[in-house]
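Scroll down for the structure; my scribbles are underneath it.
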Amino acid sequence: MPLHAFAYTSLAAEDLQAQDIDRILAEGAAFNRMAGVTGVLTFDGLRFVQWIEGPAHGVDAVQARIVNARSHVRLDVLAHNCIRTRHFPCWALAAQRIAPATSERIARAPWEGFQAGSVGFALLRGVWMSGQGELEPPAVMLGS
């Protein structure tokens with residue numbers, strides 16, 4: 001079964017509260033598990049950058065929820081394409097707060113070339129890597 005990935009950036013809605021983010025993460029992780037989707041979400045206090053991956057039908061279902069969510073505005077698709085392998089296979093929805101400058105670099109970097117690796121994806125994945133090049137355990141909550 002071919003795998004797909006979807007990445008986007010967006011801005012938090014003005015009225016978004018910390019407890020809203022925690023609720024979004026819990027509900028998103030549960031939905032992703034049912035859809036067979038894994039991925040990561042970063043937040044800098046204003047901007048979200050998210051990567052999701054999995055079977056096409058699952059990614060499409062999660063993408064529809066994301067596009068229709070009222071928790072964010074100005075959604076900009078960074079990438080949507082087939083991938084050969086999952087990059088975050090164990091995380092239904094890992095979340096981490098990052099510095100605004102890091103978020104800006106990820107969002108503004110080129111995202112083309114999924115198969116060969118893109119600059120944007122490499123920057124996003126780097127946020128999750130340890131000094132030994134292994135994926136770090138994710139943070140649990142962004143808002144609290």
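Side chains included, hydrogens not; waters and symmetry mates left out as well; all remaining heavy atoms used. Note that this is a predicted model, so its numbers are computed, not measured.
- The shortest non-hydrogen separation linking Leu16 to Ile24 is CD1-CD1, 4.0 Å.
- Pro89 approaches Glu53 most closely through the heavy-atom pair N-OE2, 3.9 Å.
- Sorted by first and then second residue, the salt bridge (Lys or Arg N to Asp or Glu O under 4.0 Å) pairs involving residues 101-110 (not counting sequence neighbours) are Arg47-Glu104, Glu104-Arg108.
- Of all heavy-atom pairs spanning Val119 and Ala109, the tightest one is CG1-CB, 3.8 Å.
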Practice task
Show your reasoning for whether side chain to side chain contact (heavy atoms under 4.5 Å, CB included) applies to Phe6 and Val62.
Solution key: CA-CA 9 Å; Phe6 171 67; Val62 173; over 6 Å; no
Problem - side chain to side chain contact (heavy atoms under 4.5 Å, CB included) between Arg23 and Glu27, intermediate numbers included - result: CA-CA 6 Å; Arg23 178 187 46 77; Glu27 291 173 2; 3.3 Å; yes
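- Distance NE2/His4 to NE2/His57: 10.5 Å, rounded to 0.5 Å.
- Donor-acceptor pairing under 3.5 Å is recorded for the side chains of Arg86 and Thr38.
- A heavy-atom distance below 4.5 Å is found between the side chains of Phe43 and Ile21.
- Across His72 and Ser10, no two heavy atoms sit closer than the pair ND1-OG, 2.6 Å.
- Tracing side-chain contacts under 4.5 Å through hydrophobic residues (I, L, V, M, F, W, Y), one reaches Val77 starting from Val37; they form part of the same cluster.
- Taking CD1 from Ile52 and CZ from Arg65, the interatomic distance works out to 10.5 Å, rounded to the nearest 0.5 Å.
- At least one side-chain heavy atom of Leu41 sits under 4.5 Å from a side-chain heavy atom of Leu93.
- For Asn32 (side chain) and Ala92 (main-chain N/O), a donor-acceptor pair under 3.5 Å exists by modelled atom type.
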Handout entry: ring pair (Phe, Tyr, Trp, His ring centres under 6.0 Å) between Phe121 and His87, intermediate numbers included
Key = CA-CA 10 Å; Phe121 177 75; His87 298 279; 4.6 Å; yes
Handout entry: Steps toward side chain to side chain contact (heavy atoms under 4.5 Å, CB included) verdict (Phe31, Met34)
Key = CA-CA 5 Å; Phe31 190 87; Met34 289 189 311; 4.1 Å; yes
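- Note that CD1 of Ile106 and CD1 of Ile98 are 4.0 Å apart. Values are rounded to the nearest 0.5 Å.
- Across every non-hydrogen atom of Gly45 and Arg97, the tightest pair is CA-NH2, 3.1 Å.
- For the atom pair CG of Leu78 and CH2 of Trp51, the computed distance is 10.0 Å after rounding to the nearest 0.5 Å.
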Practice task
Would you sort out whether Ile66 and Gln50 count as a side chain to side chain contact (heavy atoms under 4.5 Å, CB included), showing the intermediate values?
Solution key: CA-CA 10 Å; Ile66 290 167; Gln50 185 170 13; 3.6 Å; yes
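- Closest non-hydrogen pair, Ser71 versus Phe48, comes out as O-CE1, 4.3 Å.
- For the atom pair OG (Ser118) and CG (Leu124), the distance works out to 9.0 Å, reported to the nearest 0.5 Å.
- Taking the six-membered ring for Trp and thresholds of 30 and 60 degrees, Trp128 and Phe88 have ring planes more than 60 degrees apart, a perpendicular arrangement.
- The hydrophobic cluster containing Leu46 also includes Leu11, Val73, under a criterion of side-chain heavy atoms closer than 4.5 Å among ILVMFWY residues, counted directly or through chains of members.
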